[in-house]
Amino acid sequence: MEKKYDFLIVGSGLFGATFAYRARKAGKRCLVIDKRSHLGGNVYCENTEGINVHKYGAHIFHTSNKAVWDFVNSIVEFNRYTNSPVANYKGKLYNLPFNMNTFYQMWGVKTPEEARAKIEEQKADAVASLNGREPANLEEQALTLVGRDIFEKLIKGYTEKQWGRKCEDLPAFIIKRLPVRLAFDNNYFNDRYQGIPIGGYNKLIDGLLEGIETRVNVDFFDDRAHWESVADKIVFTGKLDEFYGYRFGKLEYRTVRFENETLDMPNYQGNAVVNYTEREIPYTRIIEHKHFEMFGQTVYDCPKTVVSREYSTEWTEGMEPYYPVNDSRNNELAGKYRALAAQEPSVIFGGRLAEYKYYDMAPIIERVLNLEI
Ligand code: FAD
Ligand code: UDP
């Protein structure tokens with residue numbers, strides 16, 4: 001018997017929504033379901049006092065892939081937001097990523113040559129103690145990249161709060177992707193393109209899902225047999241272990257708790273992102289959402305502001321699963337589930353939960369654009 005839909009898409013995040021968009025263009029019949037009360041997954045924003053509040057954490061779109069950039073801009077235009085976070089260590093402010101502004105603020109050095117000499121001096125002990133071998137953990141990596149002062153003031157406390165583990169127990173690669181620049185350049189990303197959708201991320205999701213049948217407050221697992229019967233193929237973007245009834249055990253995550261506050265002032269911190277890098281302050285950073293979309297006078301035309309303090313914590317059942325934990329137990333477990341998934345002819349597993357993989361937004365879109373539909 002012919003089924004009603006070609007694709008049942010479980011999850012309306014960027015993976016599901018982009019897949020639905022492409023499938024519709026290819027003339028396929030799609031139904032998108034989501035267990036949350038809204039569409040959009042983790043990029044969803046809630047409007048408070050005229051400000052788009054990133055409900056599941058601050059999202060900044062960045063990519064060097066022109067095809068991905070052109071694709072998202074064909075759905076909604078992007079603004080000129082450039083991420084340039086500031087770090088607050090014991091009340092003193094430093095620019096990020098580590099660049100000439102940071103080195104000037106830290107040591108008073110004014111030229112790249114002075115900065116290079118200072119960094120060499122700062123990292124000399126750590127380099128010597130490695131004795132030619134590769135850095136074995138995040139602490140060694142950071143000390144040999146930027147030296148003692150920056151590690152102590154801008155990395156150690158922040159990283160230990162974010163990951164809930166000591167720097168010497170964390171993998172080196174986490175810190176490798178942070179740029180170190182001998183230029184006065186506070187742009188956090190090296191990518192060619194970045195920005196925020198004009199009007200907010202919900203516009204991107206609405207554009208992707210235009211003309212597609214969607215249902216919210218519907219959990220696939222509440223009536224699995226029914227949902228499996230409605231379409232020829234399933235696109236599954238929920239949790240991989242849940243799809244298999246947790247038969248090998250549960251995958252773990254780290255999560256973030258947000259404390260949101262609406263303030264009766266137009267401008268609280270003058271920047272979208274301020275990191276608090278000392279261990280003693282319990283949150284990792286404060287996000288002031290309006291700065292993602294309002295610049296210059298428009299910040300003051302909107303009399304209120306919304307800030308979110310972010311607390312990084314271990315995940316337990318009932319919390320939002322955000323970041324996969326890349327330790328050997330979880331990697332091994334995920335491998336077992338992936339082996340089952342690879343043998344599923346009528347299910348496409350995609351996205352950060354179904355692949356148990358940390359993905360930025362642009363690589364998610366790139367992946368869907370490269371799928372054959
Ligand atoms: P999701 O957005 O999680 O969507 C999955 C959807 O599936 C959800 O809506 C969920 O409700 C639904 N679902 C799950 N199970 C079921 C079920 N059983 N039945 C029905 N529906 C179900 N990327 C960047 O590029 N830049 C950033 O600055 C950035 N910041 C981030 C900050 C945080 C705190 C986090 C966690 C991620 C960040 N990301 C960022 C990554 C970005 O969020 C992801 O790339 C993107 O959201 C992944 O989309 P997805 O569709 O895979 O997953
Ligand atoms: N980091 C840090 N101090 C900062 C910002 C970042 O030490 O002020 C470290 C931290 O270990 C973090 C890593 O750099 O995990 C990568 O930072 P990024 O902002 O890319 O991490 P994300 O929050 O996007 O995972």
Side-chain angles (χ1 to χ4, degrees), residues 8-19 32-44 54-63 83 85-89 94 96-98 102 138 141-142 146 150-151 153-163 165 167 170-171 173-179 188-189 191 194 196 201 205 215-224 227 235-240 242-243 253-256 258 273-277 284-285 287 292 308 310 312 320-324 349-355 357-365 367-368:
L8 171 76
I9 299 165
V10 181
S12 62
L14 270 185
F15 192 99
T18 309
F19 188 97
V32 177
I33 61 170
D34 203 296
K35 67 178 181 183
R36 290 180 179 167
S37 61
H38 59 77
L39 302 168
N42 283 355
V43 305
Y44 173 74
H54 297 211
K55 187 176 163 77
Y56 302 95
H59 278 72
I60 300 134
F61 197 95
H62 58 100
T63 184
N83 196 30
V86 169
N88 181 321
Y89 177 77
Y94 299 89
L96 293 173
F98 309 130
T102 330
L138 193 149
Q141 179 69 59
V146 284
I150 290 183
F151 174 68
K153 291 184 177 166
L154 302 183
I155 296 177
K156 191 171 192 293
Y158 185 91
T159 300
E160 296 191 354
K161 283 191 280 189
Q162 176 162 355
W163 295 100
R165 288 164 182 74
C167 287
L170 285 165
F173 77 83
I174 291 178
I175 200 83
K176 251 190 194 161
R177 66 167 184 246
L178 277 189
Y188 200 64
F189 300 118
D191 280 319
Q194 69 179 297
I196 306 284
Y201 282 95
I205 295 295
R215 293 195 208 157
V216 292
N217 295 312
V218 174
D219 190 327
F220 172 76
F221 296 109
D222 284 348
D223 196 354
R224 183 171 183 155
W227 295 116
V235 176
F236 183 76
T237 74
K239 283 162 63 193
L240 178 61
E242 190 174 12
F243 191 89
Y253 296 86
R254 271 196 73 79
T255 192
V256 186
F258 303 100
V273 185
V274 178
N275 291 358
Y276 284 79
T277 56
T284 50
R285 56 183 194 174
I287 302 296
F292 289 121
S308 304
E310 295 192 359
S312 179
E320 289 296 341
Y322 281 143
Y323 299 103
F349 293 85
R352 59 183 196 96
L353 295 172
E355 296 180 58
K357 180 172 173 209
Y358 181 82
Y359 268 118
D360 273 332
M361 294 180 274
I364 290 264
I365 289 175
R367 222 195 123 226
V368 181

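Atoms within each ligand, like the ligands themselves, are counted from 1 in listed order.
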Kindly confirm or rule out an N or O of [X] lying under 3.5 angstrom from an N or O of ligand 1.
X	answer
Tyr56	no
Ala362	no
Gly351	no
Ile364	no
Phe15	yes
Glu242	no
Leu14	yes
Tyr322	no
Tyr358	yes
Tyr359	yes

Specify whether Phe243 and Phe220 have parallel, tilted or perpendicular ring planes, treating 30° as the upper limit for parallel and 60° as the lower limit for perpendicular.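 Answer is parallel, since the angle falls under 30°.
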Matching residue for Tyr323 among Tyr358, Tyr253, Tyr56 - test: ring pair (Phe, Tyr, Trp, His ring centres under 6.0 Å):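 So, applying the ring pair (Phe, Tyr, Trp, His ring centres under 6.0 Å) to Tyr323 and each of Tyr358, Tyr253, Tyr56, only Tyr358 qualifies.
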Using a 4.0 Å cut-off to any heavy atom of [X], which atoms of ligand 2 qualify?
X	result
Asn275	4 (C), 5 (C), 8 (O)
Ile174	11 (O), 13 (C), 15 (O), 16 (C)
Thr277	8 (O)
Ile175	9 (C), 14 (O)

If the cut-off is 4.0 Å to any non-hydrogen atom of [X], which atoms of ligand 1 fall inside it?
X	result
Arg352	1 (P), 3 (O), 48 (C), 52 (O), 53 (O)
Gly41	2 (O), 4 (O), 8 (C), 9 (O)
Gly238	14 (C), 15 (N)
Phe221	18 (N)
Val218	19 (N), 20 (C)

Residue and atom name of the nearest protein heavy atom (relative to [atom]), distance in Å to one decimal:
atom	result
atom 20 (O) of ligand 2	Arg177 NE, 3.2 Å
atom 10 (C) of ligand 2	Thr159 OG1, 3.4 Å
atom 23 (O) of ligand 2	Gln162 NE2, 3.4 Å
atom 14 (O) of ligand 2	Leu178 CD1, 3.3 Å

Flag the pair Thr18 / Ile364 as yes when at least one side-chain heavy-atom distance between them is below 4.5 Å, and no otherwise.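 SC-SC contact between Thr18 and Ile364 ruled out.
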With a 4.5 Å cut-off on side-chain heavy atoms, are Leu39 and Tyr44 touching?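 In short, these two side chains do not touch, never coming nearer than 4.5 Å.
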Proximity winner for [atom], if only heavy atoms of [options] are counted:
atom	options	answer
atom 34 (C) of ligand 1	Phe189, Phe236, Tyr323	Tyr323
atom 3 (N) of ligand 2	Ile155, Leu154, Leu96, Val273	Leu154
atom 18 (N) of ligand 1	Thr255, Ile365, Asp219	Asp219
atom 22 (C) of ligand 1	Lys35, Gln194, Arg36	Lys35
atom 17 (O) of ligand 2	Phe173, Trp163, Phe151, Tyr188	Tyr188

Heavy-atom distances under 4.0 Å decide this one: backbone, side chain, both or neither, for Ala58 against ligand 1?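 It is the backbone that touches ligand 1; the side chain stays farther off.
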Using ring centroids (six-membered ring only for Trp), state whether Phe292 and His54 fall under 6.0 Å.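 Yes - the distance between ring centres of His54 and Phe292 falls below the 6.0 Å cut-off.
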Kindly say whether the aromatic ring centers of Phe15 and Tyr359 come within a distance under 6.0 Å.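 They do not qualify: ring centres at least 6.0 Å apart.
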Can Asn83 be said to touch ligand 1, with heavy atoms closer than 4.0 Å?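 Asn83 does not count as a contact of ligand 1 under the 4.0 Å cut-off.
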Geometry only, no angles: is Tyr158 polar-contacting ligand 2 at N/O separations under 3.5 Å?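 Looking only at distances, the answer is no, because the N/O contact criterion of under 3.5 Å is not met.
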Look at the side chain of Thr277 and the backbone N and O of Tyr158, then say whether any donor-acceptor pair between them is shorter than 3.5 Å.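 A pair under 3.5 Å: no.
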I'd like to know if the side chain of Ser308 reaches the main chain of Ile287, judged simply by a donor and an acceptor atom lying under 3.5 Å from each other, with no hydrogens or angles considered.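 No.
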Nearest atoms (heavy-atom pairs only) where Ala362 meets Thr63: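 In terms of heavy atoms, the two residues are closest at CB-CB, 3.6 Å.
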Residue among Lys35, Lys55, Arg36 satisfying salt bridge (charged side-chain N to carboxylate O under 4.0 Å, His left out) with Glu320: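 For Glu320, the salt bridge (charged side-chain N to carboxylate O under 4.0 Å, His left out) test succeeds with only one of Lys35, Lys55, Arg36, which is Arg36.
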